[in-house]
Every structure is written in C-alpha cells, then in structure tokens.
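Worth knowing before you read on, the calculation uses all heavy atoms, side chains too, and leaves out hydrogens, waters and symmetry mates. These numbers come from a predicted model, not from an experiment.
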Amino acid sequence: MMKSSLFRRLFAVSVIGASCAFSSQAQTHYESRIYLGGHAGVNFSRVSFTPSVTQSFNIGGNAGVNFRYIEEKHFGFIVEVNWEQRGWKDDFEGFPYKYSRTANYIQIPFLAHIYFGNRAKFFINAGPSVSFMVGESTNKNFDVATIASNPDFDNRMSYHYGLPVHQKVDYGISGGIGGEYSITPRNSIYLDVRFYYGLGNMLKSGRTEPIRGSNSMSISASVGYWFRMK
C-alpha cells in the first residue's frame, strides 16, 4: 500500500511540474523546442529479494525512442518507449552451478528533465515509469525440482527458481544523470546513466508466501541521439 501511494505521489509531482512548464508560456518569451530521438545501451539488473539471495548483476540490453519537450530554459519533460531486459543472476560463490532469469519489458517512463549549459549540457532526469512484460527466459545448469536436496546448497533459498514472473505490469521510479553535446543546432548526442527501482513484486510475494518481497532494480547506461523538430 505504501509503494502504491509513493508511486501516485511521484506521478502527481511529475504532472504538476509539466503543467507549470506549460503555464509559464504566457509569462516568458522563451521559444519552446521539440525533439525526437533514440538510444541503445546496456542494463545491469538484480532483484531485491526478502529473504535475501546472493546475486551478481544480470547483464541485458536496452533500446528505445524518445520525445522531449522543452518549454522554458533549464526545464522540460521526456517520454520514452523502451525495450529493456531486467532480472537477476544467482551467485553460487564457487560452486559449479548457474542460474539467471531475464524478463523482457516494454517500458514507458515519464521524466522531468532539468539541464544546465548551452552547447555542452549536464542534465538530470527523474520520474515514474510503467513496464509491460513481453517474455522471459531462464539460463540454468541444474534441475530446479531436485536442487534443494543437494548438500552443496547449505540452506540456500531455492523456491524462487520455479516461480514465473507474477506481475506482468511493473511500475517504478527512474532517476539519472548524463551529458549532451550539440553537434549542430538541430543534432545532438548524449550519454545517460540511470537507476530504476520497481515498486511492485516481480515474483509472487507476500506475508503468507515464501518470498515476502521481490523488487526489480537496474542500472542502465545508454548512448542516444536527439533531432530538433522545432
């Protein structure tokens, strides 16, 4: 309940910020600008399990198309439609096992965009996002039905192996920093580093379930391009 309330508050703040930017048009002569672009990069993801699971980062990809509207100097907003991979990779600490889960998402973030500079810019992006899972895959070298009886496991948590992704729609918050460089007045390139935290549970979780929490987390790095339409 707290997570849903936090998501609603963050979404409201983003909407209010965007509304303030629109209303300021009557009070300033700053020329609005519209950009279209795209990006691609890499994701390093894991899941915050309760009880905890020893993990390393699961490496996947990300790519997307972007829309950016800047109404006043130093502030605007960005909407993206992205494909990205999130999941986790168990760390067996020297034992000859491997297990990783990768879920593919179509993600739509709504980001407040704050920037400083002219030809070379520094920016901060932050806001809520919603993701729709379109597929998942597993990479393992053992039978999940019998692995718990193996003495090598030493009471490791194993019941998460056989569970499918429970929440097909994930919602969360994203925030990051980056730099942008204008090649020409209408063309620019940028580097974006972003952190994502899912407010919903990836697997079936709850007080009466073996897993009480399973929040998705990722760090992404991407290179992108903007074309100024207006």
*Asks:* To the nearest 0.5 angstrom, please state how far the CZ atom of Phe92 sits from the OG1 atom of Thr54.
*Replies:*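 Here the rounded value is 10.0 Å.
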*Asks:* Who pairs with Arg46 by salt bridge (Lys or Arg N to Asp or Glu O under 4.0 Å), at least two apart in sequence or on another chain?
*Replies:*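 Per chain and number, Arg46 pairs via salt bridge (Lys or Arg N to Asp or Glu O under 4.0 Å) with no residue.
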*Asks:* If we check side chain to side chain contact (heavy atoms under 4.5 Å, CB included) with Tyr105, which of these qualifies: Asn82, Asn62, Val169, Val165?
*Replies:*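 Answer after filtering Asn82, Asn62, Val169, Val165: Val165.
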*Asks:* Report the distance from atom CG of Leu111 to atom CD1 of Ile173, rounding to the nearest 0.5 Å.
*Replies:*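 Here the rounded value is 11.5 Å.
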*Asks:* Walk me through whether Asn201 and His166 qualify under side-chain hydrogen bond (donor to acceptor under 3.5 Å, both in side chains).
*Replies:* CA-CA 8 Å; Asn201 289 307; His166 179 66; over 6 Å; no
*Asks:* From Met133 CE over to Asp170 CG, what is the distance, rounded to the nearest 0.5 angstrom?
*Replies:*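 One finds 10.5 Å between CE of Met133 and CG of Asp170.
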*Asks:* Which atom pair, heavy atoms only, marks the closest approach of Gly38 to Tyr190?
*Replies:*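 Reported closest heavy-atom pair: O-OH, 4.0 Å.
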*Asks:* Any idea how Phe123 and His113 line up, ring-wise: parallel (<30°), tilted (30 to 60°), or perpendicular (>60°)?
*Replies:*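 Rings of Phe123 and His113: tilted, as their planes differ by 30° to 60°.
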*Asks:* Which pairs count as salt bridge (Lys or Arg N to Asp or Glu O under 4.0 Å) when at least one residue sits in residues 174-197, sequence neighbours excluded?
*Replies:*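 Residue pairs with at least one partner in residues 174-197: Arg68-Glu180, Glu80-Arg194, Asp192-Arg194.
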*Asks:* Can you confirm whether Asn118 is buried at CG, in the sense that more than 12 heavy atoms of other residues, nucleotides or ligands lie under 6.0 Å from that atom?
*Replies:*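 It does not: Asn118 CG has 12 such atoms or fewer within range.
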*Asks:* Which salt bridge (Lys or Arg N to Asp or Glu O under 4.0 Å) pairs, counting each pair once, include a residue from residues 103-132, with sequence neighbours left out?
*Replies:*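 Sorted result for residues 103-132: empty, none.
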*Asks:* Provide the closest heavy-atom pair for Gln107 versus Ser131 in the form atom of the first, atom of the second, distance.
*Replies:*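 Closest pair (atom of Gln107, atom of Ser131, distance): CG-OG, 3.3 Å.
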*Asks:* Measuring from atom CD1 of Ile114 to atom CD1 of Ile177, what distance do you get when rounded to the nearest 0.5 angstrom?
*Replies:*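 Ile114 CD1 to Ile177 CD1: 13.0 Å, rounded to 0.5 Å.
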*Asks:* Only counting residues at least two apart or in another chain, list the ones meeting side-chain contact (heavy atoms from CB on, under 4.5 Å) with Ser218.
*Replies:*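 In terms of side-chain contact (heavy atoms from CB on, under 4.5 Å), with neighbours along the sequence ignored, Ser218 is linked to Asn43, Ser45, Arg86, Tyr196.
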*Asks:* Can you tell me which residue pairs pass the salt bridge (Lys or Arg N to Asp or Glu O under 4.0 Å) test with a partner in residues 219-230, sequence neighbours excluded?
*Replies:*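 Matches after skipping sequence neighbours: Glu31-Arg228.
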*Asks:* Would you call the rings of Tyr99 and Tyr161 parallel, tilted or perpendicular if under 30° counts as parallel and over 60° as perpendicular?
*Replies:*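 Because their plane-to-plane angle lies in the 30° to 60° range, the rings of Tyr99 and Tyr161 count as tilted.
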*Asks:* Kindly determine whether Gln55 and Asp91 satisfy side-chain hydrogen bond (donor to acceptor under 3.5 Å, both in side chains), including the steps that lead there.
*Replies:* CA-CA 5 Å; Gln55 302 171 59; Asp91 182 356; over 6 Å; no
*Asks:* May I ask whether Val223 and Tyr225 are part of the same hydrophobic cluster, defined by side-chain heavy atoms of I, L, V, M, F, W, Y residues being less than 4.5 angstrom apart, directly or through others?
*Replies:*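 They do not share one cluster, since no chain of ILVMFWY contacts under 4.5 Å joins Val223 to Tyr225.
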*Asks:* Looking at residues at least two apart in the chain, or sitting in another chain, which of them share a side chain to side chain donor-acceptor pair (under 3.5 Å) with Ser205?
*Replies:*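 With sequence neighbours excluded, Ser205 shows a side chain to side chain donor-acceptor pair (under 3.5 Å) to Ser214, given in chain and number order.
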*Asks:* For Phe116, which residues count as a ring-ring contact (aromatic ring centres under 6.0 Å, His included) partner, sequence neighbours excluded?
*Replies:*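 Expected list: His74.
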*Asks:* Identify the two heavy atoms, one from Asn104 and one from Trp83, that lie closest to each other, and give their separation to 0.1 Å.
*Replies:*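 Shortest heavy-atom separation between Asn104 and Trp83 comes out as OD1-NE1, 3.8 Å.
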*Asks:* Can you see which heavy atom on Ser129 is nearest to which on Ser174, and at what distance?
*Replies:*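 Residues Ser129 and Ser174, closest heavy atoms: OG-OG, 4.0 Å.
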*Asks:* Can you tell me how far the CG atom of Asn187 sits from the CZ atom of Phe227, to the nearest 0.5 Å?
*Replies:*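 CZ of Phe227 is found 6.0 Å from CG of Asn187.
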*Asks:* Distance check, rounded to the nearest 0.5 Å: Tyr115 atom OH versus Asn125 atom CG?
*Replies:*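 Answer rounded to 0.5 Å: 12.5 Å.
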*Asks:* Count I, L, V, M, F, W, Y as connected when their side-chain heavy atoms are under 4.5 Å apart, and connections chain through other members. Are Leu191 and Ile219 then in the same cluster?
*Replies:*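 Result: no, two separate clusters.
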*Asks:* Suppose we screen for ring-ring contact (aromatic ring centres under 6.0 Å, His included). Which residues come up paired with Phe49, at least two apart in sequence or across chains?
*Replies:*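 Checked Phe49 against ring-ring contact (aromatic ring centres under 6.0 Å, His included); matches are Trp88, His160.
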*Asks:* The criterion is side-chain contact (heavy atoms from CB on, under 4.5 Å); which residues satisfy it with Val65, sequence neighbours excluded?
*Replies:*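 Once residues adjacent in sequence are excluded, the partners of Val65 under the side-chain contact (heavy atoms from CB on, under 4.5 Å) criterion are Val81.
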*Asks:* Can you get from Leu199 to Phe195 by hopping between Ile, Leu, Val, Met, Phe, Trp and Tyr side chains that sit under 4.5 Å apart?
*Replies:*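 Hydrophobic grouping puts Leu199 with Phe195.
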*Asks:* Listed by chain and number, what are the side-chain contact (heavy atoms from CB on, under 4.5 Å) partners of Val79, not counting sequence neighbours?
*Replies:*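 Phe77, Ile108, Phe110.
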*Asks:* Taking all non-hydrogen atoms of both residues, which atom of Ser32 and which atom of Tyr69 are closest, and how far apart?
*Replies:*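 Heavy atoms only, the tightest pair is CB-OH, 3.6 Å.
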*Asks:* List the steps, then state whether side-chain contact (heavy atoms from CB on, under 4.5 Å) holds for Ile70 with Tyr35.
*Replies:* CA-CA 9 Å; Ile70 295 179; Tyr35 298 81; 4.1 Å; yes
*Asks:* Residues two or more places apart in sequence or in another chain: which of them pass side-chain contact (heavy atoms from CB on, under 4.5 Å) with Ala120?
*Replies:*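 Partners of Ala120 under the side-chain contact (heavy atoms from CB on, under 4.5 Å) test: Tyr181.
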*Asks:* Applying salt bridge (Lys or Arg N to Asp or Glu O under 4.0 Å), which residue pairs with at least one partner in residues 123-142 are found, sequence neighbours left out?
*Replies:*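 As it turns out, the salt bridge (Lys or Arg N to Asp or Glu O under 4.0 Å) pairs with a partner in residues 123-142, which skip direct neighbours, are Arg101-Glu136.
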*Asks:* Determine whether more than 12 heavy atoms belonging to other residues, nucleotides or ligands lie under 6.0 Å from atom NZ of Lys168.
*Replies:*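 Yes, the 6.0 Å shell around NZ holds more than 12 heavy atoms from other groups.
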